[in-house]
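Chain letters run A, B, ... following the sequence lines, proteins first and then strands; every chain starts at 1.
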There are 4 protein chains.
Amino acid sequence: MGAVKTKRMPRAVREQQMLDAAVRIFGQRGYMAASMDEIAELAGVSKPLVYLYLNSKEDLFTACIRREATALTAAVRAGVRQGLPADRQLWDGLRAFFAHTAEHPDGWSVLHLQARTHGEPFAAEVAAMRTEIVAFVTRLVAVAAREAHRDPGLPEHEVAGLAEALVGAAESLAAWANATPGVTARQAAATLMNFAWSGLGDLMRGHMWAPPADES
Amino acid sequence: MGAVKTKRMPRAVREQQMLDAAVRIFGQRGYMAASMDEIAELAGVSKPLVYLYLNSKEDLFTACIRREATALTAAVRAGVRQGLPADRQLWDGLRAFFAHTAEHPDGWSVLHLQARTHGEPFAAEVAAMRTEIVAFVTRLVAVAAREAHRDPGLPEHEVAGLAEALVGAAESLAAWANATPGVTARQAAATLMNFAWSGLGDLMRGHMWAPPADES
Amino acid sequence: MGAVKTKRMPRAVREQQMLDAAVRIFGQRGYMAASMDEIAELAGVSKPLVYLYLNSKEDLFTACIRREATALTAAVRAGVRQGLPADRQLWDGLRAFFAHTAEHPDGWSVLHLQARTHGEPFAAEVAAMRTEIVAFVTRLVAVAAREAHRDPGLPEHEVAGLAEALVGAAESLAAWANATPGVTARQAAATLMNFAWSGLGDLMRGHMWAPPADES
Amino acid sequence: MGAVKTKRMPRAVREQQMLDAAVRIFGQRGYMAASMDEIAELAGVSKPLVYLYLNSKEDLFTACIRREATALTAAVRAGVRQGLPADRQLWDGLRAFFAHTAEHPDGWSVLHLQARTHGEPFAAEVAAMRTEIVAFVTRLVAVAAREAHRDPGLPEHEVAGLAEALVGAAESLAAWANATPGVTARQAAATLMNFAWSGLGDLMRGHMWAPPADES
DNA sequence: AATGAATGAGACTTCATTCAT
DNA sequence: AATGAATGAAGTCTCATTCAT
């Protein structure tokens, strides 16, 4: 079963097949446990061809990260339409995010788990994607604050912190939804939206929770 | 020269030294990249002794997970006093959680990253700990609901998702606080508490955010 | 961009380009370390073409040896004019030899180092050249002997040994002159000539150095 | 045939067995063509043990060079007694040199051919040995000049050049003697001694050969 | 005349694990 | 209680070589 062993394909096509296989293996086994043998076999080619096209295990992994990161940010961007109210934009973005991670669980595993588990060549690659998504959320939170006519209700770094928290929560939830049978991506998105939007709304209305004074 | 070679220690002590070393190496390198050689050297013993006491790499890793999970749940339990108001209990629990993980980063890495990145023998081990923490949060939510004279009304898996989101948000915030000058870890924790508590409170008061009706 | 890709050249020309590239790579990297990939790239052609024209790595190396050996003996022959006194012929021959090897260091490396370092297919190829050079020196010695009105009296293998010693001495001197400021290559050649000619002359006049009698 | 598979030997012994095998394989096949598999098999151990003790192919090769170089210089030093006339010292040194290289042809191949054929980590290792031998010969030539009461007959750099030439000649002759059946080490030594001593004697008596004036 | 696509075989190296003391 | 000596298995990567156009 699997890929029919079609021969003599143009390079670009073969490269994509290899990346498909690599994402799957890396996502399931992890970077170290993945073997180039297995990847090559799943791609339906011989190992030397993988090396010819993608240089090394490290480069192959980097290429996977880059491709998956690009695809994910593109999916989120495509899911959102500017001009709509902030909560609607957030909801659309979250849905796109969770839908994409649910459809590409191995890709998300590569980005969220595997790339972070290993050293510097890879972490930086993911950081770029994350920065972009955080910036998107930050903008949304700011818009929401403006819509609530509460400038300058939230100091700038508070907004940034909330965006970070939101993205982190989404990332974790996506992995959890993928790993937990019976939880659909949409449910996870709704839970988060609910949670986040209520919290944000409260904050913007000035209902801050104050830490107790008596601490060691 | 180098580590003083204290010999003939009782077995229990030696085992702890080995686990210390193993947690450190596993936490930093990951399960696959960690080598028994390095662990034995860091523990100051020969490799056969590690095998004599801990059987295999897999068993050693399992022992690490178990020890670190126990330590973490104990720390959280110790940080919370029952009888206080729910928000205070949550705040105390969060503080204990983050204090412990900050003090034992390798242990936390083992639990949160490494154990999840690899197959079934290990994931089950972490599940136990996760269950306990979720139970703690669930209880808090129940307490809060009682305080608000309301039926908690949150299904079990919703609570699990919230716990997951909370941890993800916290990790994100911790990393962000670490990388952003002018933001202390405690401020970040307060932001998180704020965010979470408001959201939870709203949810329990029945203020649910409603997804828009027009969807594909 | 890069090397101009002149296509459709007549076979003879292409072959020379390939041999040029091969001699350079073989001379610098050695037979085993040289890769057909690198040779093809330096020659500006694709690998299959190299195989089409030169069959195999072994055949390619043999062709290199043959070409370089022929060139070297031709250069020496061209540098010497018969009829001149023997010492003048030797001096001219040495100069031609060193001029050629200095101008074609990779070729000389192929002949002198690489070909000897590997087994039988190649050593035989060099032997032919060596035979010719030894014959040249032998003839010179004979001429010198005639000039001195003496029977040369040097057995064949003695001459071969002297030739070997001469080449070794010359190589050593060349490297030394190269590394020592204030010593030109020509001075080194003169020193060698001096050394060699005196020794040869003495030998032919029958002034043999006698090993001491008391030996174990 | 060969090494009986004796097990559990002390490390120092095993290391020597490995070096023995490595020198033989490296000397016969060359650095690149030698395979660690073959070396391990000839040494009668498994490959991992070779790596455990000697780290890498490169380190193993370096260790070979170092051991053989030390052995060779020691043999030459042991063959010479100071206080004897210079020609006697030279003769003894040459005999020791040729005897050693004849008894250890693979070692000599490693030093003379293989180490020079490959890049910088190794060439430096041989250079040290060579420097020591050249210094020894330089001293001898100077002593000979003094004995001939011809100070300052030979300028300093001329002495150095002659020593270089002598050593180079000896090196080449040794390899040639090893590779040529029917030529004993002692014959080679005598030929070189004859050649060199006569030349040196002539030079020191002022009989210099003058290059012809008419050159391009 | 020339090449892009592809691979079988084998190299170096590392690792978890055991044996004998 | 503890270790020096040793290895089978597997991993990444390279290379000479061929096929189909």
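Across the protein-nucleic acid pair, A:Phe61 atom CZ and F:dT12 atom P stand 13 Å apart, rounded to whole Å. Rounded to whole angstrom, the span from the CD atom of C:Glu38 across to the C1' atom of F:dC15 amounts to 13 Å. Atoms CE (C:Met32) and P (F:dC15) sit 10 Å apart, rounded to a whole Å. Atom-to-atom, CD of B:Glu58 to P of E:dC15 comes out at 18 Å; the value is rounded to the nearest Å. Between B:Glu41 atom CD and E:dC15 atom C1' there is a gap of 15 Å when expressed in whole angstrom units. Between the P atom of E:dG4 and the CG atom of C:Leu52 lies a distance of 15 Å, rounded to the nearest Å. Atoms CD1 (D:Ile39) and P (E:dA11) sit 11 Å apart, rounded to a whole Å. The nearest whole Å value for the distance from the CG atom in B:Leu54 to the P atom in F:dA1 is 14 Å.
Of the two residues contacting DNA chain E, namely C:Ser46 and B:Met36, the nearest-nucleotide position lying further toward the 5' end is that of C:Ser46. When the nearest nucleotides of DNA chain F are assigned to A:Tyr31 and D:Pro10 by heavy-atom distance, the more 5′-ward of the two goes with D:Pro10. Residue A:Pro48 is the one, among A:Pro48 and D:Ala34, whose nearest nucleotide of DNA chain E lies closer to the 5' end (criterion: closest heavy atom).
There is a side-chain donor-acceptor pair under 3.5 Å between B:Arg67 and B:Gln16.
In this structure, B:His112 and B:Trp108 have parallel ring planes: the angle between them is below the 30° cut-off, well short of the 60° mark.
Between C:Arg14 and E:dA1 there is no side-chain N or O to OP1 or OP2 distance below 4.0 Å. For D:Tyr53 and F:dA6, the shortest distance from a side-chain N or O to OP1 or OP2 is below 4.0 Å.
Side-chain atoms of B:Lys47 lie closest to E:dT17 of the nucleotides F:dA2, F:dT17, E:dT17. Of the listed nucleotides (E:dT17, E:dA6, F:dG11), E:dT17 has the atom at the smallest distance from the side chain of B:Tyr51. Counting only heavy atoms from C-beta on, D:Leu49 has its side chain closest to F:dT7 among F:dT7, F:dA2, F:dT12. Each of E:dA16, E:dA2, F:dT7 was ranked by its minimum atom distance to the side chain of C:Met9; first place goes to E:dA2. Of the candidates E:dA2, E:dA11, E:dA6, the closest approach to any side-chain atom of D:Asp37 belongs to E:dA11. If you check E:dT13, E:dA2, F:dC13 against the side chain of D:Lys57, the one that comes closest is E:dT13.
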Checking side-chain contact (heavy atoms from CB on, under 4.5 Å) for the pair D:Tyr31/D:Val110: CA distance, chi angles, key distance, verdict?
CA-CA 8 Å; D:Tyr31 175 63; D:Val110 163; over 6 Å; no

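Remark: side-chain polar atoms of C:Ser109 are not paired, donor with acceptor, to backbone N or O of C:Pro105 under 3.5 angstrom. In this structure a side-chain-to-backbone donor-acceptor pair under 3.5 Å is missing from D:Lys47 to D:Glu41.
With both pairing distances under 3.5 Å, F:dC13 is matched to E:dG10 as a Watson-Crick or G-U wobble pair. Nucleotide E:dC19 is matched to F:dG4 when pairs are restricted to Watson-Crick or G-U wobble geometry with both distances under 3.5 angstrom.
In this structure, B:Arg11 reaches neither bases nor backbone, as no heavy-atom distance under 4.0 Å exists between it and the strands shown.
With C:Leu60 as the fixed residue, the side chain to side chain contact (heavy atoms under 4.5 Å, CB included) test singles out one of C:Asn55, C:Val23, C:Leu19, C:Ile65: C:Leu19.
For F:dA20, the base has no donor-acceptor partner in the side chain of A:Arg8 [N/O atoms by modelled type, under 3.5 angstrom].
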